[in-house]
Enquirer: 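Supplied in structure tokens, the structure appears directly below.
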Amino acid sequence: MTAPAHPPVRLLVVNGCSMTYGDELRDRTEDSWAALLARRLDIPSVNLGACAGSNHRLVRVTVEHLGRITRQHGLQPGEVLFLGMWTSINRFEIFTDRPDPRAGLPDLPDSGWRRIHASYIDRRDRLSRTWYRELQSEAGDRSEFLLHRTLLDAWLAREGYRYGFLWAYDPDPATFAQFPQYDGGPAPARTIGAEHLPHGGPSLYSVGKALGDLGPDGHPLERSQRIYTEEHLHPWVTRLLARDAA
């Protein structure tokens, strides 16, 4: 009998922004797409998402902590399913000598990194104001995202993880058109919906918007999380794991 290509998945680890963290949900540990999917798969989950998190943070935290989490659960990489939900590409983070003072972070040893977000400008955040007024550019955002996307895909594959990518917001085709030389990241099967849409989808936000089920701050609420998981995410993850096992 031929041994399976991968052992069964025993842990779900997710990372992303507030769309992954579960902001504005009554109980993010029960009602977020990550929690709903973990129940569907009948496995525990670890949510590394952070409110106002950037794609830079997604890649950094995943590479720094996924191996430790895997070992803490007594597992091998092939027994872990990692899902990364890409967010708006104009966000960033910087390292300082002070802890991030804002809420919406997971329970994670990650002091010193400060989230950079456009909404923080109105909150008198000097670092965010300087970043967006002096340093940020659309071309830089696009090239950095495509580089992060390619590097994280390569790292996860090299380490032997089961993995895939989602979208918090609909991807901008201009990102891929401007730098086609960097569009060598994940195979289409690794991105939700890429078999139907050029760059994958739908995004979690687009599902919430279509249902009219967004909170005051624009986050998908319980109904959106459930429909996104049941109609889009879980069927795609099932296909993804089946392809890995073939």
Side-chain angles (χ1 to χ4, degrees), residues 12-36 45-66 68-69 82-138 140-142 144-145 148-149 152 165-170 172 203-206 208-209 213-222 224-225 228:
L12 172 67
V13 180
V14 303
N15 203 352
C17 65
S18 55
M19 297 288 188
T20 299
Y21 180 84
D23 200 16
E24 296 194 86
L25 296 175
R26 287 188 294 269
D27 186 347
R28 71 181 191 89
T29 64
E30 293 290 331
D31 298 326
S32 68
W33 62 263
L36 296 172
S45 63
V46 175
N47 190 332
L48 301 176
C51 293
S54 62
N55 294 320
H56 185 281
R57 179 191 175 277
L58 189 161
V59 174
R60 178 184 60 79
V61 168
T62 300
V63 172
E64 286 184 4
H65 296 283
L66 186 55
R68 175 183 59 79
I69 292 168
F82 171 81
L83 296 179
M85 179 173 271
W86 300 116
T87 188
S88 301
I89 64 173
N90 68 341
R91 301 178 184 182
F92 199 62
E93 64 172 2
I94 63 172
F95 188 79
T96 71
D97 58 353
R98 298 179 182 179
D100 193 320
R102 303 191 183 280
L105 285 169
D107 184 12
L108 193 71
D110 196 40
S111 62
W113 287 93
R114 296 280 295 274
R115 291 162 288 173
I116 302 295
H117 193 279
S119 68
Y120 290 174
I121 296 174
D122 296 333
R123 304 177 195 179
R124 300 182 178 180
D125 184 276
R126 180 179 58 84
L127 297 176
S128 292
R129 184 171 63 249
T130 301
W131 171 259
Y132 286 106
R133 292 182 179 177
E134 305 294 339
L135 298 172
Q136 183 259 348
S137 71
E138 290 186 2
D141 293 340
R142 290 168 178 165
E144 183 181 64
F145 166 68
H148 281 155
R149 178 173 171 262
L152 184 57
F165 299 107
L166 321 172
W167 296 106
Y169 303 95
D170 289 340
D172 181 2
S203 67
L204 177 57
Y205 176 80
S206 68
K209 184 178 180 181
D213 186 48
L214 299 175
D217 292 332
H219 297 93
L221 301 178
E222 285 78 7
S224 302
Q225 302 276 345
Y228 176 75

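Values reported hereafter were calculated over all heavy atoms of this structure, with side chains retained and with hydrogens, waters and symmetry mates removed.
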Enquirer: Which heavy atom of C51 sits nearest a heavy atom of Y120, and at what distance?
Expert: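 That closest heavy-atom pairing would be O-OH, 4.4 Å.
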Enquirer: Kindly indicate whether the side chain of T96, heavy atoms from C-beta on, has any atom under 4.5 Å from the side chain of L127.
Expert: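 Answer yes - side chains close enough.
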Enquirer: Looking only at heavy atoms, which two atoms of M19 and W33 are closest? And how far apart?
Expert: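 Heavy atoms only, the tightest pair is O-NE1, 3.1 Å.
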Enquirer: Run the side chain to side chain donor-acceptor pair (under 3.5 Å) test against D170 and tell me which residues pass, sequence neighbours left out.
Expert: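 With sequence neighbours excluded, D170 shows a side chain to side chain donor-acceptor pair (under 3.5 Å) to S203, given in chain and number order.
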Enquirer: Specify the closest pair of heavy atoms between R91 and T87, including all atoms of both residues, with the distance to one decimal.
Expert: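 What the structure gives for the nearest pair is NH1-OG1, 3.3 Å.
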Enquirer: For the atom pair NE2 (H65) and CG (N15), what is the distance rounded to the nearest 0.5 Å?
Expert: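 Between H65 NE2 and N15 CG, I get 9.5 Å after rounding to 0.5 Å.
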Enquirer: Could you give the distance from CD (E144) to CD (Q136), rounded to the nearest 0.5 Å?
Expert: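 So the CD of E144 and the CD of Q136 are separated by 10.5 Å.
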Enquirer: Applying side chain to side chain donor-acceptor pair (under 3.5 Å), name anything that partners N90, two or more places apart in sequence or on another chain.
Expert: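 Residues passing side chain to side chain donor-acceptor pair (under 3.5 Å) with N90: none at all.
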Enquirer: In this structure, which one of F95, F92, F145 forms a ring pair (Phe, Tyr, Trp, His ring centres under 6.0 Å) with H56?
Expert: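 Considering F95, F92, F145, a ring pair (Phe, Tyr, Trp, His ring centres under 6.0 Å) with H56 is found only for F92.
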Enquirer: For residues 111-121, which residue pairs pass the salt bridge (charged side-chain N to carboxylate O under 4.0 Å, His left out) check, not counting sequence neighbours?
Expert: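 Residue pairs passing salt bridge (charged side-chain N to carboxylate O under 4.0 Å, His left out), neighbours aside: D100-R115, R114-D125.
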Enquirer: Judged by atom type as modelled, is there a donor-acceptor pair below 3.5 Å linking the side chain of D213 to the main-chain atoms of G208?
Expert: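 Judged by distance alone, no pair lies under 3.5 Å.
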Enquirer: Let's go through L152 and F165 carefully: what are the C-alpha distance in whole Å and the side-chain angles of both, what is the deciding distance for side-chain contact (heavy atoms from CB on, under 4.5 Å) to 0.1 Å, and is it a yes or a no?
Expert: CA-CA 10 Å; L152 184 57; F165 299 107; 3.8 Å; yes
Enquirer: Less than 4.5 Å apart, any side-chain heavy atom of H117 and any of R102?
Expert: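 A side-chain contact is absent here, since even the closest heavy-atom pair is not under 4.5 Å.
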Enquirer: If you round to the nearest 0.5 Å, how far is OH of Y205 from OG of S88?
Expert: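 Result: 10.0 Å between the selected atoms.
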Enquirer: If you look at every heavy atom in M85 and L204, which pair is closest and at what distance?
Expert: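 Looks like CE-CB, 4.0 Å.
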Enquirer: Can you give me the closest heavy-atom contact between V14 and F82, atom names plus distance?
Expert: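 Between these two residues, the closest heavy atoms are C-CE1, 4.4 Å.
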Enquirer: Taking the cut-offs as 6.0 angstrom to the six-membered ring centre and 45 degrees off its axis, would you call R149 and W86 a cation-pi pair?
Expert: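 Because its charged atom misses either the 6.0 Å distance or the 45° angle limit, R149 does not stack over W86.
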Enquirer: Is any side-chain heavy atom of H219 less than 4.5 Å from a side-chain heavy atom of Y21?
Expert: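 Side chain of H219 against side chain of Y21, heavy atoms only: no contact under 4.5 Å found.
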Enquirer: Look only at the side chain of E30 and the backbone of A35, and say whether a donor-acceptor pair between them is shorter than 3.5 Å.
Expert: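 Between the backbone of A35 and the side chain of E30 there is no qualifying donor-acceptor contact (under 3.5 Å).
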Enquirer: Check whether more than 12 heavy atoms from other residues, nucleotides or ligands sit under 6.0 Å from atom CG of D217, and answer yes or no.
Expert: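 Yes, because the 6.0 Å sphere around CG of D217 holds more than 12 heavy atoms from other groups.
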Enquirer: Check each of I69, L58, L66 against L48 using the side-chain contact (heavy atoms from CB on, under 4.5 Å) test, and report the only one that passes.
Expert: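 The side-chain contact (heavy atoms from CB on, under 4.5 Å) with L48 is passed solely by I69 among I69, L58, L66.
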Enquirer: Is any side-chain heavy atom of E24 closer than 4.5 Å to one of L221?
Expert: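 The answer is yes, as the side chains (C-beta and beyond) meet within the 4.5 Å cut-off.
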Enquirer: Has S54 got a side-chain atom pairing as donor or acceptor with R57's backbone, closer than 3.5 angstrom?
Expert: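 Side chain of S54 to backbone of R57: a pair is present.
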Enquirer: What distance separates S128 OG from I94 CD1, expressed to the nearest 0.5 Å?
Expert: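 It comes to 8.0 Å.
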Enquirer: When you measure from the side chain of E222 to the backbone N and O of R26, does any donor-acceptor pair fall under 3.5 Å?
Expert: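 Answer holds: yes.
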Enquirer: For a quick test of reading the model, state the closest non-hydrogen atom pair linking N47 to A34 and the distance between them.
Expert: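 For N47 versus A34, the nearest heavy atoms are ND2-CB, 4.2 Å.
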Enquirer: Should we say atom CZ of R68 is surrounded by more than 12 heavy atoms from elsewhere, each under 6.0 Å from it?
Expert: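 Yes, enclosed.
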